[in-house]
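Reviewing the structure listed below.
Each chain gets a letter, A, B and so on, in the order its sequence line appears, and its residues count up from 1.
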Amino acid sequence: MEYNFREIETKWQKYWLDHKSYQAEDPGTAGTVKPKYYGLSMFPYPSGAGLHVGHPLGYIASDIYARYKKLLGFNVLHPMGYDSFGLPAEQYAIQTGQHPAITTEQNLKRYREQLDKIGFSFDWDREVRTSDPSYYKWTQWIFKQLYNAWYNQTANKAQSIDDLMVIFENEGNADIKAASAPTELFSAAEWKAFSEKEKQAILMNYRLTYLADSWVNWCPALGTVLANDEIKDGVSERGGHPVEQKLMRQWSMRITAYADRLIQDLDAVDWTDSIKDQQRNWIGKSVGASVVFKTEAGEPIEVFTTRPDTIFGVSFMVLAPEHPLVETITTDKFKDAIATYQKQTSLKTERDRQADVKTISGAFTGAYALHPFTGDKIEIWIADYVLAGYGTGAVMAVPCGDQRDYDFAGHFGIEIKNIFKDVDISEQAYTEKDAIITNSDFLTDLPAKKAIKLAVFEIEKRGFGKGQTNFRLRDAVFSRQRYWGEPFPVYYKDGTPYLVADDQLPVTLPEVDKYLPTEDGEPPLARATKDAWNVFEGDRMEYNTMPGWAGSSWYFLRYMDPHNEEAFVSKEKADYWNQVDLYIGGSEHATGHLLYSRFWTKFLFDMGFISFNEPFKKMINQGMILGRSSFVYRDKASGKFVTAEKRHEFETSQLHADIHLVDNDKLDIEAFKKWLPEYKDAEFILSEEGTYTCGHEVEKMSKSKYNVQTPDELVEKFGADTLRCYEMFLGPLEQAKPWDTKGINGVHNFLRKFWRLFHDAENNFEVSDAAPSKEALKTLHKTIKKIQDDLERFSFNTAVSNFMIATNELTEQKCNNRAILSELLILLTPYAPHITEELWSQLGNTESITKATFPTFNPDYLIEAEFAYPVSFNGKMRFTLPLPTEFTKEEVEKAVLANEQTIKYLDGNAPKKMIVVPGRIVNIVI
RNA sequence: GCUCGAGUGGUGGAACUGGUAGACACGCAAGACUUAAAAUCUUGUGUCCAUUAGGACGUGCGGGUUCAAGUCCCGCCUCGAGUACCA
């Protein structure tokens, strides 16, 4: 029989499905005496374009590892699902009127077909879809838990809001340390006297998800607000539309409450330094002090500084142009100049302001602050290098210790005091924290680090301010003015929000006539009639929907218990499956999904619903697969297409050609003519051989570059096993690499060669039951060791090479030994599950190879009688000399020195030194 | 600018703790089978010199440590990713 991959793959895919071969066993069943292993791939958003070859890369790696763990005797959870709420389906709905649920369903079906063809070991009975009401019921439920919780900084954990109310009733809020919005102090008696509405407003300041007027990133083109991580380079990540700042009443998540733990617990996870760094920078912790400067005008200015040790170096103050105090402190004489400057900055977009870092600008207010320690008068300026949104929107400028302050002072001719001993600041500021402080009263002669501590102590003692830690991380806006997302379990009565009761959940998406905002600018859900809602209470329901990251922040928990109607996950199952052992996905989610998931996990942990506080124990980020675009060159003068070899003889423009028209850089001219109508009569200037050679470049895969390769076409042509092996063979998983179909033949040949090990010259299945040869055993055990080592360090590419080597060696040995080949099949099955399953059954096995046990490595088979020592002279390898492996250092030395080649290379010189590493190398120094 | 990662043949890439650089595969070349093509098989393939034997040079660049450096240390260059006036 020939290697008929199409038949084999269909056959076994059906078998696995029918036999539920990949079912994970839940706690309480027999399977759970085995250790558990939870391997997860980031679930996809099912887009209309379907999968291209880049998408399955991570899934394949994750699948191989999951299958490997199963062979090692683990109870494996390896699920897949869909992040099925999202903008593209809704944009499509706006254009065509087709309900996003229908679009999503269609895309999802296509994804499933594509995934099925690749032969993944997913337990499809556990599939989750974030847009499914039975799923988002629990997303709404978690939202409710967050609403009913506050963050107790003393206990350093989230607690029920009921506990907080008890404290308010007993002692007011004076002694509460909580992550909260600024709240007026009140006593127990005052609390009791507040109206219900007042009480609710105060509680809103403490809740972990809260409704507040906040400055948000409004994207007019998308008609919605966006979170910070959804904006790249000042424009929306999706679509690249401009974004502006707008004050809106929005739901937010108090992720800032967890800022410190989100940084600290990074030490406990096995992720790349790059992702950890990105998260650390995004959270942006800075330790320093908040200091209050009195002003002549009376109104004090609060600043935040990380260098309280440099407080005697302050030579001016800078407020953000938007700072509220600017109006009150500016003197009449400078009113016009300040107004002009404010206007000037307000006209700049956020993007311009960021882009133009070089130009120094600012304006003097005419007002003066007073130095808290010296009482000196300090000029107060405004400048756009101070941002309203960070810290207090005001800085104490220390030119000698901060480059921006230094440049500003230089530009406006402001005095630069030097408070660093023996440091030259004539050229630039000195920003290191290792100088000795001088000219600074009680801080003089202290090293900076000690001075910081003392300065904070003195500032607090004299009541000028306090030590403080600031974070760059902002609370995450949680409302979206869109249709295709989770509705909130919230209704309004007299303008106050209330939660929908648990037994009424989920609040499902109501039907609407159009997927656009209303005339008054309300979100699409405002179009729904009262009857269209399955739950309607109060005056109205919440019109916003949740953002894309809501559903993806906890989906890994739902896989553990996907059909539970009583809880988002049972405690028992969450305890058993616990953390995701290996998470594979793209690094682009560093500051979005990966941060939000950690936040929700910590919250659910605090509230006692789960017993672990980090979701993903180990993570690998697969690199992007880039496309290899092909180009044709059109002569600008004649319009003829010039072959790549001759293109420099003409002035040409470079145009993309569909990669499907090109084989090995040679263009199929006839197909090219038929490809696009405009090329129907194309003429060509060919190479000497009469062919047309295309140019190529590595670019991102995209439709417009005609360089998209879908897995389907490759599966059709070579089979899923070839595709799986080839994607792995391409290079290290984490590395970005260009896709090139050229090499796929080699991998396909390897599988055919592997198939032939089991067949005779006439392609009849034939294996021998004789005792295996020594050589074959050596090849097998060498391979077992390599494959296992490679898998343990996630080196999938080298494993494929090692399979090739083993196959080549066994072919050479003409080995068709049952014992050897059986074990080799088990080794290979994670990579090529179909062909191995087929051969396994042909060997007479009645049970699936997925139930087999990974072979055990036996080093005895690798023991050699001789080792070919590489003999080097002064580090240069000259020849190899086979010597018995049991030879000692001295014996090797003796044998090498007696060798005639050694004598030749010594050329009469006496060796100065001789290094012998037994079993490794000999080096002679002359 | 800062942070992280990476630079090895014509190409993708290998080389675990310093120990035979270029495994494996693609591509290319020659040959076998074939009327021919495809498929398959065999051989060769880092560069340069040499008919051979052999030799010199080679892991982005410049130094260093070492018997020995792709691997370790110092200084640079280039590319990629992230981030950007964060006080």
Open item on the list: Just to verify, what does A:Tyr596 make a ring pair (Phe, Tyr, Trp, His ring centres under 6.0 Å) with, not counting sequence neighbours?
Closed with: A:Trp549

Task: Partner nucleotide, any strand, of B:A32 [Watson-Crick/G-U, under 3.5 Å] - done: B:U40

Open item on the list: What is the distance, to the nearest angstrom, from the CZ atom on A:Phe471 to the C1' atom on B:C86?
Closed with: 13 Å

Open item on the list: Looking at A:Tyr385, I'd like to know whether one of its side-chain N or O atoms comes within less than 4.0 Å of OP1 or OP2 on B:A84.
Closed with: no

Open item on the list: Please classify the nucleic acid contact of A:Arg628 as base, sugar-phosphate, or nothing, using heavy-atom distances under 4.0 Å.
Closed with: nothing

TODO: Would you classify A:Arg474 as touching base, sugar-phosphate or nothing, given that sugar-phosphate means primed atoms plus P, OP1 and OP2, and contacts are heavy atoms under 4.0 Å?
DONE: nothing

- [ ] Scan A:Tyr869, A:Phe887, A:Phe867 and name whichever one has a side-chain contact (heavy atoms from CB on, under 4.5 Å) with A:Pro918.
- [x] A:Tyr869

Task: Contact residues, residues 279-290 of chain A to RNA chain B [heavy atom, < 4.0 Å] - done: A:Ser286

Open item on the list: I'd like to check the side-chain contact (heavy atoms from CB on, under 4.5 Å) partners of A:Thr693; sequence neighbours left out, ordered by chain and number.
Closed with: A:Thr643, A:Ala644, A:Glu645, A:Asp665, A:Lys666, A:Thr691

TODO: Could you let me know what B:C4 is paired to, Watson-Crick or G-U wobble, both distances under 3.5 Å, or none if it's on its own?
DONE: B:G80

Open item on the list: Using atom C1' in both nucleotides, what's the gap between B:C86 and B:C79 to the nearest angstrom?
Closed with: 29 Å

Task: Integer angstrom distance from the C1' of B:C48 to that of B:G58 - done: 10 Å

Task: Any-strand Watson-Crick or G-U partner of B:A56, both distances under 3.5 Å - done: B:U47

- [ ] In whole angstrom, give me the gap between the P atoms of B:A6 and B:A14.
- [x] 12 Å

- [ ] Starting at atom CZ of A:Phe304, determine the distance to atom P of B:C85, rounded to an integer number of angstrom.
- [x] 17 Å

Task: Option from A:Lys786, A:Lys785, A:Arg793 for which side-chain hydrogen bond (donor to acceptor under 3.5 Å, both in side chains) with A:Asp789 holds - done: A:Lys785

Task: Sugar-phosphate, base or nothing in reach of A:Lys876, heavy atoms under 4.0 Å - done: sugar-phosphate

- [ ] For B:U59 versus B:U42, give the span between their P atoms, rounded off to a whole number of Å.
- [x] 33 Å

- [ ] Do nucleotides 16-27 of chain B as a string where each nucleotide becomes B, S or -: B if the base has a protein heavy atom under 4.0 Å, S if just the sugar-phosphate does, - if no protein is that close.
- [x] BB-BB--BBSSS

Task: Closest heavy-atom pair and its distance - A:Ser290, A:Ile459 - done: O-CG2, 4.3 Å

Task: Ring-face cation contact, A:Trp271 with A:Arg598, 6.0 Å cut, 45° max - done: yes

Open item on the list: Applying side-chain contact (heavy atoms from CB on, under 4.5 Å), can you list everything that pairs with A:Pro324, at least two apart in sequence or on another chain?
Closed with: none

For residues 871-879 of chain A, tabulate all N or O donor-acceptor pairs below 3.5 Å that involve a side-chain atom, not counting sequence neighbours.
{"residue": "A:Asn874", "atom": "OD1", "partner": "A:Ile926", "partner atom": "N", "Å": "3.1"}

Task: Results of side-chain contact (heavy atoms from CB on, under 4.5 Å) for A:Asn745 - residues two or more places apart only - done: A:Phe718

TODO: Could you check which nucleotide pairs with B:G18 in any of the strands shown, counting Watson-Crick or G-U wobble with both distances under 3.5 Å?
DONE: none

Identify every side-chain donor-acceptor pair in residues 309-316 of chain A under 3.5 Å, counting partners at least two apart or on other chains, and give the distances.
{"residue": "A:Asp309", "atom": "OD1", "partner": "A:Arg307", "partner atom": "NE", "Å": "3.1"}
{"residue": "A:Asp309", "atom": "OD2", "partner": "A:Arg307", "partner atom": "NE", "Å": "3.3"}
{"residue": "A:Asp309", "atom": "OD2", "partner": "A:Arg307", "partner atom": "NH2", "Å": "3.0"}
{"residue": "A:Thr310", "atom": "OG1", "partner": "A:Arg307", "partner atom": "O", "Å": "2.8"}
{"residue": "A:Ser315", "atom": "OG", "partner": "A:Glu415", "partner atom": "O", "Å": "3.0"}

Task: B:A68 pairs with, by Watson-Crick or G-U criteria that keep both distances under 3.5 Å - done: none

Task: Spacing of the P atoms in B:C26 and B:C77 (rounded, Å) - done: 40 Å

Open item on the list: Any base atoms under 4.0 Å from A:Gln735, or only sugar-phosphate, or nothing? Heavy atoms, all strands.
Closed with: sugar-phosphate

Task: Those residues of residues 390-407 of chain A lying under 4.0 Å from RNA chain B by at least one heavy atom - done: A:Tyr390, A:Val395, A:Arg404

Task: A:Lys276 side-chain N/O to A:Leu266 backbone N/O, donor-acceptor pair under 3.5 Å - done: yes

Task: Geometric class of the A:Phe803/A:Phe750 ring pair [parallel <30°, tilted 30-60°, perpendicular >60°] - done: parallel

Task: C1' gap between B:C72 and B:G19, integer Å - done: 14 Å

- [ ] Output all residues satisfying side-chain contact (heavy atoms from CB on, under 4.5 Å) with A:His589, sequence neighbours left out; order by chain, then residue number.
- [x] A:Met42, A:His593, A:Leu594

Open item on the list: Please name the nucleotide paired to B:A25 by Watson-Crick or G-U wobble geometry with both distances under 3.5 Å, or report none.
Closed with: B:U11

Open item on the list: Taking only the P atom of each, what is the distance from B:G70 to B:U17 in whole angstrom?
Closed with: 15 Å

Task: d(CD, A:Gln428; P, B:G1) in whole Å - done: 14 Å

TODO: With a 3.5 angstrom cut-off on both distances, give the Watson-Crick or G-U wobble partner of B:G75, or none if there isn't one.
DONE: B:C61

TODO: Can you label the angle between the A:Tyr726 ring and the A:Phe729 ring as parallel, tilted or perpendicular, going by 30° and 60°?
DONE: tilted

Task: P atoms of B:G22 and B:A69, separation to the nearest Å - done: 16 Å

Task: Residues in salt bridge (charged side-chain N to carboxylate O under 4.0 Å, His left out) contact with A:Asp270, at least two apart in sequence or another chain - done: A:Lys618

- [ ] Could you identify which residues of residues 306-317 of chain A place a heavy atom less than 4.0 Å from some atom of RNA chain B, listed by residue number, or say none?
- [x] A:Thr306

